[in-house]
Undergrad: 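The structure that follows is given in the form of structure tokens.
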Amino acid sequence: MTQIQNIQQLRQQVDYIDDELLQLLKKRGNIVQQIAQIKQKEKLPIQDIEREQQKLTKLVNQHIEPYSKEQIVSLYRLILNQSIDLQNSINGASSDTNSLKVYRTHSQHNTKVRVGDVVFGEEPVYIFGPCAVEDEQQMDTVANVMSQKGLKIIRGGAYKPRTSPYDFQGLGVRGLEILKSVGEKYNLATISEVVDASQVEVAANYLDMFQVGARNMQNFQLLKAIGRTNKPVLLKRGLSATVDEFLHAAEYILNEGNPNVVLCERGIRTYERATRNTLDISSVPIIKRLSHLPIIVDITHSTGRKDIMQEIAKASIAVGSHGLMCEVHPNPPIALSDKNQQLNIDEFKSLYDVIC
Ligand SMILES: O=C(O)C(=O)C[C@]1(C(=O)O)C=C[C@@H](O)C=C1
């Protein structure tokens, strides 16, 4: 027999074994699915780390030559991971990153999120309002001009995550009360940031939409708490978050059952100091390709500069943003936060006339 014939014979043996392995894997998969059904009924978690460790320890203690222990562990890790994906898929959950609920592959339709009279995901939605709620007069002035322009949603921070603990931290529930009352007076939906899971229940009574700020994009307890409500949420991209991390943060909310998520690109931290952050304008079309969720751009925080806001606003809409967020204050020089970047009323009006 020639060496080539020898290889052919050996390959026949390998093929035979592969067929057997495949049949055994199929059998294993069927049993694992039965386990998944019981776990679903009993509300048990799919992954059982203890069982996996026991199994791997037992396997590597067997006579496994010519394979090394490491090779067997990585082979079985693959089998166990596939097993978990299989169990997740029959239980409607997902650990496979190709089938995240935020992805287009999961939903054929573009998500639309209604908040009061506006719908994110259709015509651009414009969210204006001060950085922080400071008092009734300040909010009334801004809400009044906004409603004269026909706007339908106002922002205002009641809980302010500030870099320094000595800076204004927001009015808390009092701020939410003021926001709600101007919203009712001028028929504006309200959006404000929550910074901790414990605030969600109370804040829900005052707000039409939650905001999760950049610093809290990976506050997973907060994301889960909001996910357990049905209230719309604006999720801002973290200061140094990749697009993938941003979408995974949104997945936390969707995974708890709340589909009403709007994403917000607000610039990322780079070496560039000419702007407060670097607006990652490319993330808008990229995210629109990857995800069915609406996405808007925060033109205030991404630039931190009033002089380029009109151009940035136009550019954002041009790349397909579903809306803009921008801060307005009746008297920015005396604002308790973000005094350099909030528009005054005249600046707001000229921006509005250019973009809306
Ligand atoms: O034994 C279980 O509980 C299973 O779900 C099966 C299985 C496996 O494939 O062996 C899968 C996932 C678990 O993390 C542990 C083991």
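All ligand and atom numbering here is 1-based and tracks the order in the structure.
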Undergrad: Closer than 4.0 Å to some heavy atom of K55 - which atoms of ligand 1 meet that?
TA: 10 (O)
Undergrad: Heavy atom under 4.0 Å from ligand 1: found in I79's side chain, backbone, both, or neither?
TA: neither
Undergrad: Do K69 and L59 come within less than 4.5 Å of each other through their side chains, counting heavy atoms only?
TA: no
Undergrad: Between L279 and E265, is any pair of side-chain heavy atoms under 4.5 Å apart?
TA: yes
Undergrad: Considering non-hydrogen atoms of the protein only, which is the closest contact for atom 10 (O) of ligand 1, and what is the distance?
TA: R28 NH2, 2.8 Å
Undergrad: What is the nearest protein non-hydrogen atom to atom 2 (C) of ligand 1, stated with its residue, atom name and distance?
TA: K39 NZ, 3.5 Å
Undergrad: Counting from 1, what ligand 1 atoms have a heavy atom of V32 closer than 4.0 Å?
TA: 9 (O)
Undergrad: Side chain, backbone, both or neither: which part of E52 has a heavy atom under 4.0 Å from ligand 1?
TA: side chain
Undergrad: Distance-only, no hydrogens or angles: does the H322 side chain make a donor-acceptor pair with backbone N or O of I295 under 3.5 Å?
TA: yes
Undergrad: Quick one: do the N277 and S302 side chains pair a donor with an acceptor below 3.5 Å?
TA: no
Undergrad: Counting from 1, what ligand 1 atoms have a heavy atom of L80 closer than 4.0 Å?
TA: 8 (C), 9 (O), 10 (O)
Undergrad: Going by the atom numbers of ligand 1, which of them fall below 4.0 Å from some non-hydrogen atom of Q47?
TA: 14 (O)
Undergrad: Given N255, which partner from the list K224, K101, H248 fulfils the side-chain hydrogen bond (donor to acceptor under 3.5 Å, both in side chains) test?
TA: K101
Undergrad: Provide, to 0.1 Å, the distance between atom 9 (O) of ligand 1 and the closest protein heavy atom, together with that atom's residue and name.
TA: S83 OG, 2.6 Å
Undergrad: Would a 4.5 Å heavy-atom cut-off, applied to side chains only, mark K231 and F210 as touching?
TA: yes
Undergrad: Answer yes or no: is there a side-chain heavy-atom contact under 4.5 Å between Y76 and V60?
TA: no
Undergrad: At what distance is the nearest protein heavy atom to atom 1 (O) of ligand 1, and which residue and atom is it?
TA: R51 NE, 3.5 Å
Undergrad: Suppose I only count heavy atoms of Q87 and a 4.0 Å limit; which atoms of ligand 1 are within that range?
TA: 4 (C), 5 (O), 12 (C)
Undergrad: Would you check if R237 and I268 make a side-chain contact, meaning some heavy-atom pair closer than 4.5 Å?
TA: yes
